[in-house]
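Lettering follows sequence order; numbering is per chain, from 1.
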2 protein chains.
Amino acid sequence: MTLHTDLTRNQSLVLGALERAEGPISAYAILDELRTDGLRAPLQVYRALDKLLDMGLAHRLETLNAFILCAHPHEHTSEIIAFAICETCRQVWEFSDDTVRERLIAWTQAQDFRPSRTTMEIKGQCRKCAA
Amino acid sequence: MTLHTDLTRNQSLVLGALERAEGPISAYAILDELRTDGLRAPLQVYRALDKLLDMGLAHRLETLNAFILCAHPHEHTSEIIAFAICETCRQVWEFSDDTVRERLIAWTQAQDFRPSRTTMEIKGQCRKCAA
DNA sequence: ATATAAATGTTATAGCATTACATGGCGAAC
DNA sequence: GTTCGCCATGTAATGCTATAACATTTATAT
């Protein structure tokens, strides 16, 4: 459990729930976790999540409609992150690849497309679960 | 409008709606379009969409919760497709890049991860809308 | 102190997707 | 040609995900 002095109460609560989850967790599951702490409405969770995403402390997994703690919170270099998501054990691997980033940027530049956010998610089975 | 003799009635109707849409469209929007043809329940649309996705005739855009006609229905080579989605005009570009595919496959092989489906979506602004 | 921005609380609602169960059509095997 | 099994369909109900709208409180800066 890290210290996050710059976070508000709700943001800290949500971050704590993400840390305890140790994997992807939905906004509503976070809410259920935090009802004992006084949270009552989905919006309280979604608002905190929005900030955590902005700060790079959490990620949204589009194919799961779920959220996960950022594995490398201090590497803001790439901004293009890929996730491998095991459909069996739900474990998630976060990684980035410079070549992939270059190729995608090359495509967008060739098209004069200005990217704002990129989603890359590979679903499948991890080594353990495929064995 | 292409002929799709191997499709069932509902599948043909949904494919037609996708063709007319000329862009991403939600399952519920498809349903609204097809009420005049007798469709009444979301499940009728979702079941047809599932088949069209299997056949490679349509794609699901995870970041939009929407569906779109496949732009290259006969190129089943890559299976790793990227989408650029303009957040202003909602137009979608579908493309694939062999190098990106190779790098992602390299990562999964190094991790003994067996991919089943890969999602790549770049949101941003297209040339026209960014100007 | 006061203005301003940011965060919070609350209710209601909108939008997306699936479960469960019953029915119908159609081809293969016998 | 009937029976079996498979696939598609129809329908109702429900569950999950996310946001709109509005009122209030708290933090920050000057």
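Put simply, chain A comes within 4.0 Å of DNA chain C, heavy atom to any atom, from C:dA7 to C:dT11, going 5' to 3'.
Residues B:Leu104 and A:Met120 are in side-chain contact: their nearest non-hydrogen atoms beyond the backbone lie under 4.5 Å apart. By the 4.5 Å heavy-atom criterion applied to side chains, B:Trp93 and A:Phe113 are counted as neighbours. For the pair A:Ile30 and A:Glu33, the minimum side-chain heavy-atom distance is 4.5 Å or more. Under the 4.5 Å side-chain criterion, counting only non-hydrogen atoms from C-beta, B:Phe67 is in contact with B:Leu18. The shortest side-chain heavy-atom distance between A:His72 and A:Ile81 does not fall under the 4.5 Å cut-off. Two residues are said to be in side-chain contact when any heavy atoms from C-beta on lie closer than 4.5 Å; A:Ile122 and A:Ile85 fail this criterion. Between B:Arg101 and B:Asp98, some side-chain heavy-atom pair lies under the 4.5 Å cut-off.
At whole-Å resolution of the value, CG in A:Leu49 and C1' in D:dT17 are 12 Å apart. Between the C1' atom of D:dT28 and the CG atom of A:Asp6 lies a distance of 15 Å, rounded to the nearest Å.
In plain terms, the two heavy atoms of B:Glu94 and B:Leu69 that are nearest each other are OE1-O, 4.3 Å. When all heavy atoms of A:Ser96 and A:Ile80 are compared, the closest pair comes out as CB-O, 3.5 Å.
Listed by residue number, there are no residues of residues 86-94 of chain A with a heavy-atom contact under 4.0 Å to DNA chain D. Residues from residues 61-70 of chain B placing a heavy atom under 4.0 Å of any atom in DNA chain D do not occur. Within residues 21-29 of chain B, the residues approached by DNA chain C to less than 4.0 Å at the level of any non-hydrogen atom are B:Ser26, B:Tyr28, in residue-number order.
By the salt bridge (Lys or Arg N to Asp or Glu O under 4.0 Å) test, B:Asp37 is found to be paired with no residue, residues two or more places apart in sequence or in another chain being considered. In terms of the side-chain hydrogen bond (donor to acceptor under 3.5 Å, both in side chains) criterion, B:Asn10 has no residue partners (sequence neighbours excluded). Legend: residues meeting side-chain hydrogen bond (donor to acceptor under 3.5 Å, both in side chains) with B:Arg117, ordered by chain and number and at least two apart, are B:Glu62. In this structure B:Asp50 satisfies the salt bridge (Lys or Arg N to Asp or Glu O under 4.0 Å) test with no other residue, sequence neighbours excluded.
Identified under the side chain to side chain donor-acceptor pair (under 3.5 Å) test for residues 102-111 of chain B, with sequence neighbours left out: A:Asp97-B:Arg103. Sorted by first and then second residue, the side chain to side chain donor-acceptor pair (under 3.5 Å) pairs with a member in residues 121-131 of chain B read B:Thr63-B:Glu121, B:Thr88-B:Gln125; sequence neighbours excluded.
If one axis is set at each end of the helix from C:dA1-D:dT30 to C:dC30-D:dG1 from five pairs, those axes are 40° apart, to 10°.
Of the residues A:Ile68, A:Thr119, A:Asn65, A:Leu52, the one that meets the side chain to side chain contact (heavy atoms under 4.5 Å, CB included) test with A:Arg60 is A:Asn65.
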Worksheet entry | Per-nucleotide protein contact string for nucleotides 5-12 of chain D (B base, S sugar-phosphate only, - none; heavy atom under 4.0 Å) | ---SBBB-

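Between the side chain of A:Arg35 and the backbone N or O of A:Arg40 there is at least one donor-acceptor pair closer than 3.5 Å.
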